[in-house]
Amino acid sequence: MLEELKNVKMPEGLNPEVLAHLMQPQNYGKLEDANGIGVALDEKTNEYVIFYLKLDSDKIEDIKFATNGCQDTVVIGSMFSDMIKGEKLLFAQKAIEKIIEKLGRLSAQQEVCAAIVFASYNAALQNFENIQNGADEELHMVKMKESCEVEEKKEDE
Amino acid sequence: MNKLFQTKHHLWLELVFASFAIKDEAIKSRLYDFSQINFRHMKWIANETLLKGKDYNYDRDMMLYKQESVFTILQNLQNRFQDAMQSYGDDTLAGRMRTDDEYLLTYIEELLEDKSNDAPITAFNMERKYKNKNLAQEQIDALTLFLFEESYKEYELILIYAYMQARTDNLMQYNVFQDLIDESHFHLKSFGNMMAELGILALPRELHERTYMIDDLEKFIKDGIAEEEAAKEMCKELSSAIKDEELSKFFDFINYQESYHIALMEKLL
């Protein structure tokens with residue numbers, strides 16, 4: 001938790017950590033010297049998440065992300081990037097489960113938000129790998145199978 | 001020119017959010033007026049940049065400092081504007097910006113001379129209490145999420161429409177974009193002031209170029225209409241969930257405004 005939040009009394013509901021990420025998302029923006037860039041796109045809603053990674057071998061030296069998506073996507077991206085910055089790639093894979101635990105029970109729509117964040121991160125890793133293998137790829141893009149729109153309809157049914 | 005554009009983008013935001021954070025209605029209103037003047041400076045810089053065959057972007061490198069008093073906000077504004085004015089150059093637009101901003105600095109100096117203008121700032125205290133209303137926790141949570149979602153959306157729309165307005169030669173499109181920009185300014189102002197009241201005032205996140213460099217206007221408008229529909233739905237849900245007459249009326253009012261946005265956007269198709 002951020003230092004400034006330690007003495008903040010929060011009622012139940014939105015927890016102070018989530019509120020802090022809402023007020024000031026961590027690692028948000030572009031990374032000029034990234035060596036892995038991934039985009040996950042929801043073609044139905046045109047919502048995207050872009051991840052920038054600066055990897056040194058298997059260590060995440062720096063990380064940034066951006067999105068035009070909803071606040072759930074921002075909070076998950078902010079928490080996830082904060083958790084894995086400076087860590088090894090293996091830790092990052094385990095962090096995905098930890099984030100889900102932190103967030104508690106997710107709605108179907110929030111699960112789609114989490115999926116687009118992690119898909120974008122994985123696309124950035126793929127871009128890094130492709131470049132290492134000699135590919136000339138500016139960024140790696142994946143298109144999402146599930147959409148927020150579809151999930152919302154499923155919930156209504 | 002891009003650097004100057006980015007500087008003005010920062011100054012516009014500094015002023016808008018200073019006006020949200022300060023409770024004194026007279027100071028709030030004056031700072032908001034100056035923020036609108038600075039938004040027009042941004043627009044004019046954008047137009048001149050494009051006329052010169054150059055380009056600009058919405059990259060940002062700023063934080064919203066959680067100031068604790070009116071005077072620290074005003075002193076911060078004073079420093080920002082004094083620094084920025086060094087980079088204005090000497091053309092006609094620079095002359096206009098300089099005289100506008102010098103007038104703002106005079107106003108700020110006058111405010112700082114009178115200690116009765118100082119007061120604590122509660123816009124960042126995260127207490128999440130809305131005036132003297134007795135709202136249930138779920139209602140406060142719903143309101144919080146709505147305000148974060150929609151304040152970002154309004155900021156995003158202002159910038160996207162301004163970006164497209166600067167690039168169209170079609171008068172009808174130009175006018176529709178202007179109406180939509182004006183409407184979004186009003187919504188951002190309404191939501192920003194509510195966020196400050198709740199103690200959760202925060203700067204909307206930066207726009208990535210993928211968000212505002214639009215290749216397909218028709219798709220963008222259709223997606224935008226779907227988003228307006230979703231915003232209408234959120235307003236309706238919030239209006240019925242919050243058992244408070246004043247707030248319910250406000251969200252109904254916003255809901256009806258969103259309906260007309262859809263009509264305006266349909267003109268663009």
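The model shown is predicted, which means the values in this text are computed figures rather than measured ones.
Heavy atoms closer than 4.5 Å to chain A are found in the side chain of K153(B), but not in its backbone. Both the backbone and the side chain of E149(B) come within less than 4.5 Å of a heavy atom in chain A. When heavy atoms are compared at a cutoff of 4.5 Å, Y152(B) approaches chain A solely by way of its side chain, counted from C-beta outward. Only the side chain of T144(B) comes within contact range of chain A, with at least one heavy atom under 4.5 Å from a heavy atom of that chain. For a residue to count as touching a neighbouring chain, one of its non-hydrogen atoms must lie under 4.5 Å from one of that chain's; by this rule E209(B) touches chain A with the side chain only. Neither the backbone nor the side chain of I140(B) comes within less than 4.5 Å of any heavy atom of chain A. Only the side chain of D59(B) comes within less than 4.5 Å of a heavy atom of chain A; its backbone N, CA, C and O stay farther away.
A cation-pi arrangement is found for R167(B) relative to Y163(B), the charged atom lying closer than 6.0 Å to the ring centre and inside a 45° cone about the ring normal. Taking the ring centre of F251(B) as origin, the terminal cationic atom of K236(B) falls outside the region bounded by 6.0 Å and 45° from the ring axis.
Screening W12(B), Y56(B), F39(B) for a ring-ring contact (aromatic ring centres under 6.0 Å, His included) involving F5(B) leaves a single residue, Y56(B). Among the candidates H140(A), Q132(A), E137(A), the single residue satisfying the side-chain hydrogen bond (donor to acceptor under 3.5 Å, both in side chains) test with N127(A) is E137(A).
To the nearest 0.5 Å, atoms CD1 (I76(A)) and OG1 (T73(A)) are separated by 6.0 Å.
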Worked check of ring pair (Phe, Tyr, Trp, His ring centres under 6.0 Å) between F80(A) and F65(A): CA-CA 10 Å; F80(A) 178 58; F65(A) 81 102; 9.3 Å; no
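Chosen from L145(B), I200(B), L201(B), the residue pairing most often with chain A at heavy-atom distances under 4.5 Å is I200(B).
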